[in-house]
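Below is one structure, written out as structure tokens, with a few remarks after it.
Since the structure is predicted, the reported quantities are computational estimates derived from the model, not experimental observations. Numbering of ligands and ligand atoms starts at 1, following listing order.
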Amino acid sequence: SNTIPSKSRILVIGGGPGGSYAATVLAREGFPVTLFERDVFPRYHIGESLLPSCRPFLKFIDAEEKIKNYGFADKPGGAVKLNQHKREGYTNFIADSPDNGSWNVVRSEFDELLLRHAAECGVNVCEGVKVKNIKFNDDTPVAAEWEAKDGAEGTMDFDYVVDASGRHGLISTRYLRNRHFNSSLRNVACWGYWKNTSKYAPEGFPDRNNAPWFEAMTDETGWCWFIPLHNGTTSVGVVMTEVASISKKKAMNGDDTSLKAHYLAELQRAPGLIKLLGDGELASEIKSAGDYSYSATAYAGPNYRLVGDAAAFIDPFFSSGVHLALTGALSAASSIAASIRKQCTEKEAANFHDAKVGTSYTRFLLVVLGVYKQIKAQESPVFSDINEDNFDRAFNFLRPIIQGAADADPKMTEQELQDTMDFCQNVFAPTDVTTVEHTSKKFGAEAISPDAPIMSVANVMKLAGSDEDAKNVMLKVNARKPLAEMYGCNSTEIMGGFYMRMEQGLLGLVRA
Ligand code: FAD
């Protein structure tokens, strides 16, 4: 393993997608970066379905070809069956371009590719090195106490730190103590890997392909996932409320009250998924995770940035995890670079990151809470009184969010983005939309109670004869906000510096 210096200008904690990406961008900008990763890669991780937005992110660090040529399972879209009485919705990634497809990845392999890429780009990657404590000078972190797997220990000083330590969330949970669990998404997940399953064949697409399938369970307690992987296995998981999981486990009779028995019993509540499993057989042990939807009251402060799961996590219904990790990583890296280069004050840079993470998080929170309303109301379909065409039309409105384009597509305009947000707020949010704000602080999960009345897609569509009308209906209900205000800082100022280059680089895919 690499030597650990006594000082590195920048420390990145964690070698998952968030940490690798932030470190890579900073190293490519010429800054000395040390990355500490507790494990030695490859290491297991859940989170296999990627959004198409990962492509421009990967391209920006010259890693797209590596991932593309590796042989992961091609993902041309995703199928979402929200209601047992309606056909599934299909979000087609490659409708406009074959280059917009994504992949289902075996995370141990994907994460290792990104970590090795970081090293190739000049990051001092130290595996098997855990950050035990962080030393602060007032509110500013200044050094990390580390411990290596071989027993060695030490302290490393730094100017800036990116916390990408995943759910562990060292800075947020231990020092800031600002992590809040989302009470309306108190869910648990269990999953396993199957062999010889069938595959989803989207309507109108003759070939079976690797598009993942997400399905609401008949008893309204949660949903299941089905994600084919390139190694011949399919990842199959169940997400349900913690309450339902506990009471169901208690109610299990017979000898077998194991997690596996619980898992297999719950899968039966997803008839579409059972069909896809076909003659497949379970080929792994069952893994589980709990308590996993949370956000923090701040994602940045003097000389530190929180990234990915270390910052916030949303129930994985729309596979947003890696997308949000990469978005936050880029914003952390660019705001640190802007700060070092004095293109803005550190306070402005930190605010920028805080707002960027909060905004991206909130977009997904909205759509995830929205689908949960439908998952929990199987007998009153949100889409009940509109026809199938309208269903697709409604689903299309969500595309900028659920395909990640809102954070990464060069063609996305601010206006389109606003329209999408407005649509979501009207469809999913409480009817009192004036209380809805764009950042997670003002617009915490608690603001959207699961019982809040919703103005449904059906209502919006009924009011609107055409897409144009639909947008106008939404515009009338919403007060608009300029981007700078939304970000809580003069974003043009920051963007005038390094961030502009980054954003142009990312969006225009040309490095300055
Ligand atoms: P991680 O990938 O968790 O990486 C953090 C790294 O930090 C780890 O390697 C860890 O070893 C290291 N670390 C921790 N503490 C320390 C320390 N003190 N010192 C040094 N190193 C440390 N996302 C998707 O995109 N698609 C999906 O389909 C999807 N499905 C999911 C299903 C479930 C049930 C769950 C729970 C999550 C799912 N996710 C999914 C989310 C996804 O797993 C995460 O969002 C993603 O891995 C976040 O990346 P990260 O880099 O922030 O953190």
Original post:
Are Asp315 and Ser293 close enough that some pair of their side-chain heavy atoms sits under 4.5 Å apart?
Top reply: yes

**OP:** Examine the side chains of Thr155 and Lys135 and answer whether a donor and an acceptor come within less than 3.5 Å of each other.
**Re:** no

Original post:
Which protein heavy atom lies closest to atom 51 (O) of ligand 1, and at what distance to 0.1 Å?
Top reply: Gly18 N, 2.9 Å

**OP:** Decide yes or no on salt bridge (Lys or Arg N to Asp or Glu O under 4.0 Å) for Asp163 and Arg174, but give the supporting numbers first.
**Re:** CA-CA 12 Å; Asp163 184 354; Arg174 178 115 50 95; over 6 Å; no

Subject >> Backbone or side-chain N or O of Arg38 under 3.5 Å from ligand 1 N or O >> reply: yes

Original post:
For the rings on Tyr200 and Phe226, is their centre-to-centre separation under 6.0 Å?
Top reply: no

Original post:
Could an N or O of ligand 1 be found under 3.5 Å from any N or O of Pro17, whether backbone or side chain?
Top reply: yes

Subject >> For atom 26 (N) of ligand 1, the option (of Ser293, Ser49, Ser288) bearing the nearest heavy atom >> reply: Ser49

**OP:** Give the residue, atom name and distance (to 0.1 Å) of the protein heavy atom nearest atom 40 (C) of ligand 1.
**Re:** Gly47 CA, 3.2 Å

Subject >> Gap separating the CG atom of Leu35 from the CG atom of Leu11, nearest 0.5 angstrom >> reply: 7.5 Å

Original post:
So, Asn104 versus Asn210: side-chain donor-acceptor pair below 3.5 Å or not?
Top reply: no

**OP:** Output the list of atoms in ligand 1 that are nearer than 4.0 Å to some heavy atom of Phe36, sorted by atom number.
**Re:** 20 (C), 21 (N)

Original post:
Considering only heavy atoms of Glu48, which atoms of ligand 1 have at least one such atom less than 4.0 Å away?
Top reply: 27 (C), 28 (O)

Subject >> Backbone or side-chain N or O of Glu37 under 3.5 Å from ligand 1 N or O >> reply: yes

Original post:
If you measure from atom 31 (C) of ligand 1 to every heavy atom of Ser320, Pro316, Gly328, which option wins on shortest distance?
Top reply: Pro316

Original post:
Counting heavy atoms only, which of Ala164, Ala329, Ser319 is nearest atom 5 (C) of ligand 1?
Top reply: Ala164

Original post:
Is Trp225 in polar range of ligand 1, meaning some N or O pair under 3.5 Å apart?
Top reply: no

Subject >> Per-atom contacts of ligand 1 with Arg43, taking only distances under 4.0 Å to non-hydrogen atoms >> reply: 2 (O), 4 (O), 8 (C), 9 (O)

Subject >> Spacing of CZ belonging to Arg177 relative to OG1 belonging to Thr297, to within rounding of 0.5 Å >> reply: 13.0 Å

Original post:
What is the nearest protein non-hydrogen atom to atom 15 (N) of ligand 1, stated with its residue, atom name and distance?
Top reply: His168 CD2, 3.3 Å

**OP:** Could you list which atoms of ligand 1 come closer than 4.0 Å to a heavy atom of Gly321?
**Re:** 23 (N), 24 (C), 25 (O), 41 (C), 45 (O)

Original post:
Are any of the heavy atoms in Trp146 under 4.0 Å away from ligand 1?
Top reply: no

Subject >> Distance-only N or O hit between ligand 1 and Val131, under 3.5 Å >> reply: yes

Subject >> N or O pair under 3.5 Å between Trp191 and ligand 1 >> reply: no

Original post:
Are any of the heavy atoms in Val129 under 4.0 Å away from ligand 1?
Top reply: yes

Original post:
Below 4.0 Å from any atom of ligand 1, is there a heavy atom belonging to Gly237?
Top reply: no

Original post:
Counting each atom of ligand 1 from 1 as listed, which ones have a heavy atom of Val322 under 4.0 Å away?
Top reply: 23 (N), 24 (C), 25 (O)

**OP:** Give a yes or no on whether Lys130 atom NZ has more than 12 heavy-atom contacts from other residues, nucleotides or ligands under 6.0 Å away.
**Re:** no

Subject >> Polar contact flag for Ile46 and ligand 1 (N/O pairs, less than 3.5 Å) >> reply: yes

**OP:** Determine the interplanar angle of the Tyr70 and His230 rings, folded into 0 to 90°, and report it as parallel if under 30°, tilted if 30 to 60°, perpendicular if over 60°.
**Re:** perpendicular

Subject >> Atoms in ligand 1 with a heavy atom of Asp39 nearer than 4.0 Å >> reply: 11 (O)

**OP:** Around atom 45 (O) of ligand 1, find the nearest protein heavy atom and jot down its residue, atom name and distance.
**Re:** Asp309 OD1, 2.7 Å

**OP:** Please could you name the atoms of ligand 1 that Gly308 approaches to less than 4.0 Å, counting only its heavy atoms?
**Re:** 52 (O)

Subject >> Nearest neighbour in protein (non-hydrogen) for atom 37 (C) of ligand 1 >> reply: Phe313 CZ, 3.4 Å

Subject >> Sub-4.0 Å heavy-atom approach of Tyr21 to ligand 1 >> reply: no

Subject >> Taking atom 53 (O) of ligand 1 as the reference point, the nearest protein heavy atom with its distance >> reply: Gly166 CA, 3.5 Å

Original post:
What orientation do Trp194 and Tyr263 show, parallel under 30°, tilted 30 to 60°, or perpendicular over 60°?
Top reply: tilted

Subject >> Pi-cation contact, Phe31 with Arg9 (under 6.0 Å, within 45°) >> reply: no

Original post:
Between Leu50 and ligand 1, does any nitrogen or oxygen pair lie at a separation below 3.5 Å?
Top reply: no

Original post:
Does the Glu88 side chain pair with the main chain of Ala79, one donor and one acceptor, at a distance under 3.5 Å?
Top reply: no

Original post:
Should His45 be counted as touching ligand 1, given the test is an N or O pair under 3.5 Å?
Top reply: yes

Subject >> Given Arg43, Lys149, Arg116, Arg38, the one that forms salt bridge (charged side-chain N to carboxylate O under 4.0 Å, His left out) with Glu127 >> reply: Arg116

Subject >> Atom indices of ligand 1 within 4.0 angstrom of Arg107 heavy atoms, with elements >> reply: 2 (O), 42 (C), 43 (O), 46 (C), 47 (O)

Original post:
Is it the case that more than 12 heavy atoms not belonging to Lys260 sit under 6.0 Å from its NZ atom?
Top reply: no

Original post:
Does a side-chain heavy-atom distance below 4.5 Å link Met156 with Pro5?
Top reply: yes

Original post:
Side-chain donor-acceptor pair under 3.5 Å between Ser172 and Tyr294, yes or no?
Top reply: no

Original post:
How far is atom 7 (O) of ligand 1 from its nearest protein heavy atom, and which residue and atom name does that atom have?
Top reply: Gly14 CA, 3.3 Å

**OP:** To the nearest 0.5 Å, tell me how far Phe36 CZ sits from Ser165 OG.
**Re:** 13.5 Å

Original post:
To the nearest 0.5 Å, what is the distance between NZ (Lys75) and OG (Ser49)?
Top reply: 2.5 Å

Subject >> Minimum-distance protein heavy atom relative to atom 16 (C) of ligand 1 >> reply: Ser165 CB, 4.0 Å

